[in-house]
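First listed ligand is number 1; within each ligand, the first listed atom is number 1. Keep in mind that the numbers below use all heavy atoms, side chains included, and drop hydrogens, waters and symmetry copies.
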Amino acid sequence: MPDVDVVLDQAGLTNESVREFVRRWAGITGAERVEVVNTSDDARLAQEALDAGELLPVGDGCYYSRSYFKDTARSEERTIVATSDPSDKGVYNNWRPSSEMKPMLEERMRGASAGKTMYVIPYLMAPPGSPLEKFAAGVELTDSRTVVMHMIRMARVNVSYVNDLADQDSFVRAVHVTGDLPNLGQGTPDDQRYFVTVADERTILHFGSSYGGNALLGKIAHGLRQGCYDGWKNGFLVEQFMLLGITDRETGRKYNVCGGFPSASGKTNLAMTLAPDALGDRYVVEFYGDDIAWLWVGDDGRIYGMNPENGVFGVAKDTNEKTNPTALDSIRDGSGTIFTNVAYNDKTHEVWWEGRTKTPPADLDGWIDWKGNRIAERGPDQASDPWAHPNSRFTTNLANVPNVAKDYEDPQGVPIDAIIFGGRTSDREPLVRAITDVPEGVYDGLTLGAEATFAADGLDGQLRYDPMSMRPFMSYPEGDYAQHWLDIIGAATTKPIFAHVNWFQRDPEDGHFLWPGYRDNLRALLWLVALNEGQVKGRETPVGVVPVKEELKLEGLEIVPEDLDTLLSIDVDRWRQELDNREVHLKQFDRLPEAIWVAHRRVAEALEAADSEE
Ligand code: OXD
Ligand code: MN
């Protein structure tokens with residue numbers, strides 16, 4: 001057993017509650033060494049990881065890592081929110097009693113870091129000085145050096161964040177133990193993994209992975225799940241939302257838009273978007289965050305938002321010059337980016353993933369796929385296997401994003417003008433429909449979904465509902481969550497406008513996308529903020545206000561006029577079917593506020609009264 005106090009003294013970690021937490025878990029996990037890390041340790045840790053072969057070099061000053069092949073994504077089935085109150089059980093939070101989960105995790109973690117170093121990562125999930133700072137401090141203990149390096153990119157890491165706490169006990173206690181990855185029965189009935197947030201004790205216990213949201217505990221377990229619960233108890237909102245700012249150079253006005261999109265609906269691409277060339281002289285888009293926003297009511301009665309993260313853990317697949325040039329700039333040489341589970345060339349130190357270029361590199365020499373196998377040695381039956389894992393990632397600091405907002409570290413956050421929801425929907429959802437009524441906006445978020453693409457499951461055309469894109473992160477019951485949204489937005493004296501956007505509508509005949517997407521998506525947001533300012537009026541429909549063609553800024557847009565007509569119309573029959581599905585979806589939730597049912601009925605009645613084509 002290492003002398004923990006000597007290590008903590010040397011590191012200048014003075015918070016006695018943190019010291020006690022470290023001592024206790026060093027004892028349980030049986031780690032051989034304890035080391036406290038700060039962001040300034042990054043270069044040394046990188047060198048150690050390169051020397052140990054845990055990381056391989058990419059270009060100049062970037063890194064490559066591969067995770068165990070059965071450990072490549074968040075596991076929703078193994079993720080649990082535990083509390084001591086059974087009424088915290090919701091539909092999506094996999095609630096279990098903490099009295100059952102804590103001993104189970106402790107037992108799995110006992111001795112499981114033997115021979116390893118336990119790193120102590122004191123972190124902050126907020127810009128320092130934020131009004132929500134007291135919910136943002138945490139300490140992650142991990143036995144993985146690669147996890148430390150990810151945390152340094154994704155969070156703010158320094159002992160001062162826990163030493164200086166006003167309430168020395170107010171930090172999230174997060175323990176990550178990797179476990180013996182080849183022997184954990186991942187995906188079998190004997191699965192040993194458990195990813196537990198003990199929300200009412202602000203304790204996170206994750207066992208059995210070294211990847212992503214399972215292991216970087218500041219990001220998803222604290223930044224979303226624990227934050228969501230803390231927000232419920234303390235009057236703020238924590239959401240899986242992107243956040244961007246749009247400045248109109250002509251008027252000097254700036255608009256901030258945040259919003260939720262289920263996975264694979266282009267959230268990171270939207271967050272990092274640039275203005276279309278034809279509008280680039282007038283509008284400047286700034287990036288705040290691509291994955292998490294914490295929202296609260298400011299002293300001036302407006303809703304404020306901030307990104308608690310300090311980095312981007314982006315999906316690599318399909319990231320290219322067209323879909324997201326900003327992301328490519330953010331992971332350039334010298335950025336310190338860590339690429340995980342992409343394809344790697346051990347001769348040239350390049351990386352590649354599906355969609356990076358139209359076709360993979362022609363010269364196979366040196367290329368290794370995400371499982372570590374040489375591409376050139378693949379048999380004919382593996383020829384079409386992907387080179388990179390579909391959930392392969394790049395991890396880079398916010399400061400590397402070329403259009404990161406100048407004030408991204410401002411602790412006061414930014415006032416939010418609009419909250420948008422959007423999924424991948426091949427029909428029915430217009431380009432944009434605005435909603436000014438708060439319960440109807442919340443209702444729209446609760447009925448957000450993305451289309452199941454697997455016709456084989458018999459789900460063809462049906463949405464997999466993903467309320468506010470929080471389904472995997474929901475930590476308390478959905479009905480209470482809806483009420484909390486109504487309360488927080490209701491408390492604002494200047495309310496943001498809500499909207500639903502969809503970039504994915506297709507032609508029913510030949511399947512082509514009706515809207516070009518990517519940078520042109522800004523046109524929908526510009527219309528929304530203009531509507532909010534009263535500069536345009538749009539057209540009322542049963543499901544919200546949609547633009548009339550002339551109100552959209554169409555300079556430089558290439559689109560077939562009939563496609564634009566379809567994008568701005570409402571297929572009432574299709575919508576009536578959708579309302580039936582929504583009813584079934586919403587009925588699952590206990591304590592759903594009456595205001596949400598009223599909103600649902602109002603939309604249903606308006607659709608009943610409407611003509612077939614609106
Ligand atoms: C996620 C992520 O899993 O952002 O949603 O990594
Ligand atoms: Mn996410």
Which ligand 1 atoms does [X] reach within 4.0 Å, using its non-hydrogen atoms?
{"X": "Arg74", "value": "1 (C), 3 (O), 5 (O)"}
{"X": "Arg393", "value": "2 (C), 3 (O), 6 (O)"}
{"X": "Gln240", "value": "5 (O)"}
{"X": "Lys219", "value": "2 (C), 4 (O), 6 (O)"}
{"X": "Phe313", "value": "6 (O)"}

Would you call [X] and [Y] a salt bridge, taking side-chain N to carboxylate O under 4.0 Å as the test?
{"X": "Arg356", "Y": "Glu321", "answer": "yes"}
{"X": "Asp291", "Y": "Lys267", "answer": "yes"}
{"X": "Arg193", "Y": "Glu76", "answer": "no"}

Tell me the contacting part of Phe473 for ligand 1: side chain, backbone, both, or neither, using a 4.0 Å heavy-atom threshold, strictly below. side chain
Under 2.8 Å from the Mn ion (ligand 2) - does any N, O or S atom of Ser263 fall there? no
Specify the protein heavy atom at minimum distance from atom 4 (O) of ligand 1: its residue, its atom name, and the distance to 0.1 Å. Asp291 OD2, 2.8 Å
Please say whether more than 12 non-hydrogen atoms of neighbouring residues, nucleotides or ligands are located less than 6.0 Å from NZ in Lys134. no
Give a yes or no on whether Tyr518 atom OH has more than 12 heavy-atom contacts from other residues, nucleotides or ligands under 6.0 Å away. no
Contact between Ile220 and ligand 1, counting heavy atoms under 4.0 Å? yes
Are Arg424 and Phe504 in a cation-pi setup, meaning NZ or CZ lies under 6.0 angstrom from the ring centre and within 45 degrees of the ring axis? yes
Hey, does the Lys NZ or Arg CZ of Arg78 hover above the aromatic six-ring of Tyr194, less than 6.0 Å from the centre and inside 45° of the axis? yes
Asp291 atom (N/O/S) at minimal separation from the Mn ion (ligand 2): OD1
